[in-house]
Amino acid sequence: MGIPGRVLRFIRYNNHKLLSLKCWFYSAIFRFQVLYGNTGKLRRKWGIEGEETPFEETMENYRYANKVGYCVNQICEKTTWESKCLVRALTAQRLLKEKKISSTLYLGCRLEEGKMVAHAWIRCGRMYVTGGNGEGYSVVDKFKK
C-alpha cells in the first residue's frame with residue numbers, strides 16, 4: 001500500500017487521530033533525545049527518581065491508559081526510526097501526564113545469553129501500559145510522574 005492509501009486508511013478508520021498524531025510526534029522527539037541528548041538532563045525529566053505511584057486509579061483513567069498503550073504500540077511499530085521500549089515508555093508517560101494521570105516508569109535489566117539486556121515499561125495503577133510487566137527483569141530504577 002502506498003503513502004496515499006495509508007493516509008486515506010488513517011483518516012477513514014482511525015478513531016483516535018489526535019492521539020495517534022501525538023504518539024508519532026512524541027516518539028520522534030524522544031528518539032532524538034535518547035540518541036543525541038544528555039542522559040543526566042533526560043533523567044530529570046522522567047519524574048521523581050526512586051518513587052512509585054499508587055496502585056489504584058479510576059476506571060476512566062484505566063480506559064485512557066489502555067487506549068494510550070494500544071496507540072503507542074501501534075504507531076511505534078510503524079515509525080521509520082527505531083522506537084523500542086524506552087521511547088514507547090516515555091511517549092506513554094507524556095500522554096498520560098497530559099491528562100494528569102500518574103504513572104511509574106521502570107528501568108530494568110537481565111542477562112540473556114551472557115549479555116546485559118535493558119528494558120523500560122510504564123505502570124498506571126495496577127495496569128501495565130507499555131513494555132509488559134517487566135517479568136524477568138531486575139528493576140534498576142523507577143520514576144514517579
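Basis for what follows: all heavy atoms, side chains included, without hydrogens, waters or symmetry-related copies. As the structure is a computational prediction, the values presented were derived from the model and not from experiment.
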- Message: Is there a side-chain contact (heavy atoms from CB on, under 4.5 Å) between Cys109 and Val117? Walk through the geometry before answering.
- Response: CA-CA 5 Å; Cys109 64; Val117 177; over 6 Å; no
- Check Val72 against Cys23 and note the closest heavy-atom contact, atom names and distance. CG2-SG, 3.6 Å
- Query: With no hydrogens and no angle check, is any side-chain donor or acceptor of Gln93 less than 3.5 Å from a backbone partner on Trp46?
  - Reply: yes
- Rounding to 0.5 Å, atoms OG (Ser20) and NZ (Lys78) come to a distance of 9.5 Å
- Task: Using the side-chain contact (heavy atoms from CB on, under 4.5 Å) rule, take Arg123 and Val129 through it: C-alpha gap first, then chi angles, then the decisive distance, then the call.
- Result: CA-CA 6 Å; Arg123 180 185 58 77; Val129 182; over 6 Å; no
- Query: Do you reckon Ile122 sits in the same ILVMFWY cluster as Tyr70, going by side-chain contacts under 4.5 Å, direct or chained?
  - Reply: no
- Beyond-backbone contact of Leu90 with Leu42, side-chain heavy atoms, under 4.5 angstrom: no
- Quick one: do Thr53 and Thr104 satisfy side-chain hydrogen bond (donor to acceptor under 3.5 Å, both in side chains)? Show the steps, please. CA-CA 6 Å; Thr53 54; Thr104 303; 2.7 Å; yes
- Query: Roughly how far, to the nearest 0.5 Å, is the OG atom of Ser102 from the CG atom of Asn61?
  - Reply: 7.5 Å
- So do the side chains of Asp141 and Phe143 get within less than 4.5 Å of each other, counting heavy atoms only? yes
- Between atom NZ of Lys99 and atom CG of Leu95, what is the distance when rounded to the nearest 0.5 Å? 10.0 Å
- Heavy-atom pair of closest approach, residues Thr79 and Ser27: CG2-OG, 3.9 Å
- Task: To the nearest 0.5 Å, tell me how far Tyr137 OH sits from Glu112 CD.
- Result: 5.5 Å
- Measure the shortest side-chain to side-chain distance between His119 and Tyr106 over non-hydrogen atoms and say whether it is less than 4.5 angstrom. no
- Task: State, with a plain yes or no, whether a side-chain heavy atom of Arg126 is found less than 4.5 Å away from one of Glu56.
- Result: yes
- Message: Suppose we screen for salt bridge (Lys or Arg N to Asp or Glu O under 4.0 Å). Which residues come up paired with Glu60, at least two apart in sequence or across chains?
- Response: none
- Hey, is OH on Tyr128 packed in by over 12 heavy atoms from elsewhere, all under 6.0 Å? yes
- Hey, is Arg88 close enough to Glu77 for a salt bridge, meaning N to O under 4.0 Å? yes
- Item | Full working for salt bridge (Lys or Arg N to Asp or Glu O under 4.0 Å) between Glu98 and Lys22 | CA-CA 11 Å; Glu98 285 182 357; Lys22 285 181 177 183; 3.0 Å; yes
- Task: Would you mind reporting whether Trp121 and Val139 have side-chain heavy atoms less than 4.5 Å apart?
- Result: yes
- Apply side-chain contact (heavy atoms from CB on, under 4.5 Å) to Thr91 and Thr130, showing your working. CA-CA 10 Å; Thr91 301; Thr130 64; over 6 Å; no
- Enter the distance from Leu107:CG to Ser138:OG here, rounded to the nearest 0.5 Å. 12.5 Å
- Residue list, ring pair (Phe, Tyr, Trp, His ring centres under 6.0 Å) with Tyr26, at least two apart or on another chain: none
- Message: Working note: Leu21 + Ile75, criterion side-chain contact (heavy atoms from CB on, under 4.5 Å); need CA distance, chi angles, decisive distance, verdict.
- Response: CA-CA 9 Å; Leu21 291 172; Ile75 296 298; over 6 Å; no
- Ile101 vs Lys97 side-chain heavy atoms within contact, under 4.5 Å: no
- Taking the side chain as C-beta and beyond, is there a heavy-atom pair between Leu35 and Arg31 under 4.5 Å? yes
- Query: What residue among Phe32, Trp24, Phe30 forms ring-ring contact (aromatic ring centres under 6.0 Å, His included) with Trp81?
  - Reply: Trp24
- Which of these, Glu52, Glu49, Glu51, sits in a salt bridge (charged side-chain N to carboxylate O under 4.0 Å, His left out) with Lys144? Glu51
- Rounded to the nearest 0.5 Å, what's the gap from CZ on Arg63 to CE on Met127? Could you check? 11.5 Å
- Do Phe25 and Leu19 share a hydrophobic cluster (ILVMFWY, side-chain heavy atoms under 4.5 Å, transitive)? yes
- Evaluate the side-chain proximity of Leu105 to Lys142: yes if any heavy-atom separation is below 4.5 Å, no if none is. no
